[in-house]
Amino acid sequence: MTVARRTGWAGVGAALVAGLVLGVPAHADPTPETHTVHFSSPFTDPGTRPTGLGSCAAANPMVCDMRYGGTAAFTGALTTFVDYYGFMHYDPVNHVVEGEGWDHHTGSLQGCGEGSFVLHQTEERGDPTTADPATGTFRLTLKWEILPGSGTGDFQGARGSGTAWGDFHPDLSNTGTYTGTITCRGNQD
């Protein structure tokens, strides 16, 4: 019996050592399936707020970056609460507002699930001189992309990009639509 017991334990020990050396996992986790979701979701922003001045151009001290921030609510396929900030400046020669921003979204996207992510907005552009004379509203357009590594929950590892527009009113409230695609590893709710 002593010999058999030693052989039995030796066999178990040998199997464990072989498993560790060969790297054989006890069980393999399946790679999560990815989903690409195309969407177009409207948003409502009660008002972009200037939060300070940034740098001013050496050639023209009247051209300064304005820091801005605010909150917005998205509805539709992308249902999120957004806290955002960025920088803008007005180019008086070309009559263009240009900027860059970051939107922190918390909520859900049909086909992905729930969590949060950050959109990096580039090529923010608008021309206030083209404002509708009846309403004072002018349109701002932009491109967006998910900031790599910013996703949580079902948006962990998500990537995506698209475009957006917003109509700004004289009180800086604005409404518009974001359109694009997001690829996620979340569920398909």
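The distance from the CZ atom of Arg67 to the CE atom of Met88 is 15.0 Å, given to the nearest 0.5 Å. In this structure, CE on Met66 lies 7.5 Å from OG1 on Thr51, to the nearest 0.5 angstrom. Between Thr175 atom OG1 and Asp45 atom CG the span is 9.5 Å, to the nearest 0.5 Å. For the atom pair Thr163 OG1 and Leu142 CG, the distance stands at 8.0 Å (nearest 0.5 Å). Between atom CG of residue Asp65 and atom OH of residue Tyr90 there is a gap of 15.5 Å, rounded to the nearest 0.5 Å.
Grouping the Ile, Leu, Val, Met, Phe, Trp and Tyr side chains by contacts below 4.5 angstrom, directly or via other members, places Tyr85 with Val118.
Here the shortest heavy-atom pairing between Val96 and Asn94 reads CG2-O, 3.1 Å. Considering all non-hydrogen atoms of both residues, Thr135 and Pro170 come closest at O-CD, 3.4 Å.
With Phe74 as the partner, the side-chain contact (heavy atoms from CB on, under 4.5 Å) test is satisfied by one option alone out of Phe81, Phe43, Phe39: Phe43.
By the side chain to side chain donor-acceptor pair (under 3.5 Å) test, His38 is found to be paired with no residue, residues two or more places apart in sequence or in another chain being considered. Not counting sequence neighbours, Glu124 has no partner by the salt bridge (Lys or Arg N to Asp or Glu O under 4.0 Å) test. Applying the salt bridge (Lys or Arg N to Asp or Glu O under 4.0 Å) test to Asp167 and every residue at least two apart in sequence or in another chain returns Arg139. For Arg49, the side chain to side chain contact (heavy atoms under 4.5 Å, CB included) partners two or more places apart in sequence, or in a different chain, are Leu172. Judged as a ring pair (Phe, Tyr, Trp, His ring centres under 6.0 Å), and not counting sequence neighbours, the contacts of His120 are Trp102. Under the rule for a salt bridge (Lys or Arg N to Asp or Glu O under 4.0 Å), Arg159 has no partner lying at least two apart in sequence or in another chain. Remark: Glu123 engages Lys143 in a salt bridge (Lys or Arg N to Asp or Glu O under 4.0 Å) (not counting sequence neighbours). Considering only residues two or more places apart in sequence or on other chains, Ser173 meets the side chain to side chain donor-acceptor pair (under 3.5 Å) condition with Asp171. The ring pair (Phe, Tyr, Trp, His ring centres under 6.0 Å) check on Phe168 picks up Phe138, with sequence neighbours excluded. Annotation: side chain to side chain contact (heavy atoms under 4.5 Å, CB included) contacts of Thr79 (sequence neighbours excluded): Ser108. Listed by chain and residue number, nothing satisfies the side chain to side chain donor-acceptor pair (under 3.5 Å) test with Thr130 (two or more places apart in sequence, or in another chain).
Aromatic pair His104/Tyr84: ring centres not closer than 6.0 Å.
Glu98 CD: more than 12 foreign heavy atoms inside a 6.0 Å radius.
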Please report, to 0.1 Å, the donor-acceptor pairs under 3.5 Å made by any side chain of residues 176-183, with sequence neighbours excluded.
unit_1, atom_1, unit_2, atom_2, d
Tyr178, OH, Asp103, OD2, 3.2
Tyr178, OH, Gln121, NE2, 2.3
Thr179, OG1, Ser40, OG, 3.2
Thr183, OG1, Thr36, OG1, 2.9

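Although no hydrogens or angles enter the test, the distance criterion places no donor-acceptor pair under 3.5 Å between the side chain of Ser161 and the main chain of Glu145.
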As a quick check of understanding, evaluate side-chain contact (heavy atoms from CB on, under 4.5 Å) for Leu119 and Ile146, giving each step before the final call.
CA-CA 4 Å; Leu119 295 185; Ile146 291 182; 3.7 Å; yes

For Leu78 and Leu109, run side-chain contact (heavy atoms from CB on, under 4.5 Å): C-alpha distance rounded to whole Å, both residues' side-chain angles, the deciding distance at 0.1 Å, then the answer.
CA-CA 4 Å; Leu78 178 64; Leu109 175 62; 4.0 Å; yes

Intermediate values then yes/no, side-chain contact (heavy atoms from CB on, under 4.5 Å), Ser116 and Phe155:
CA-CA 6 Å; Ser116 66; Phe155 295 106; 5.9 Å; no

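With contacts defined as side-chain heavy-atom distances shorter than 4.5 Å, the pair Thr71/Val82 does not qualify.
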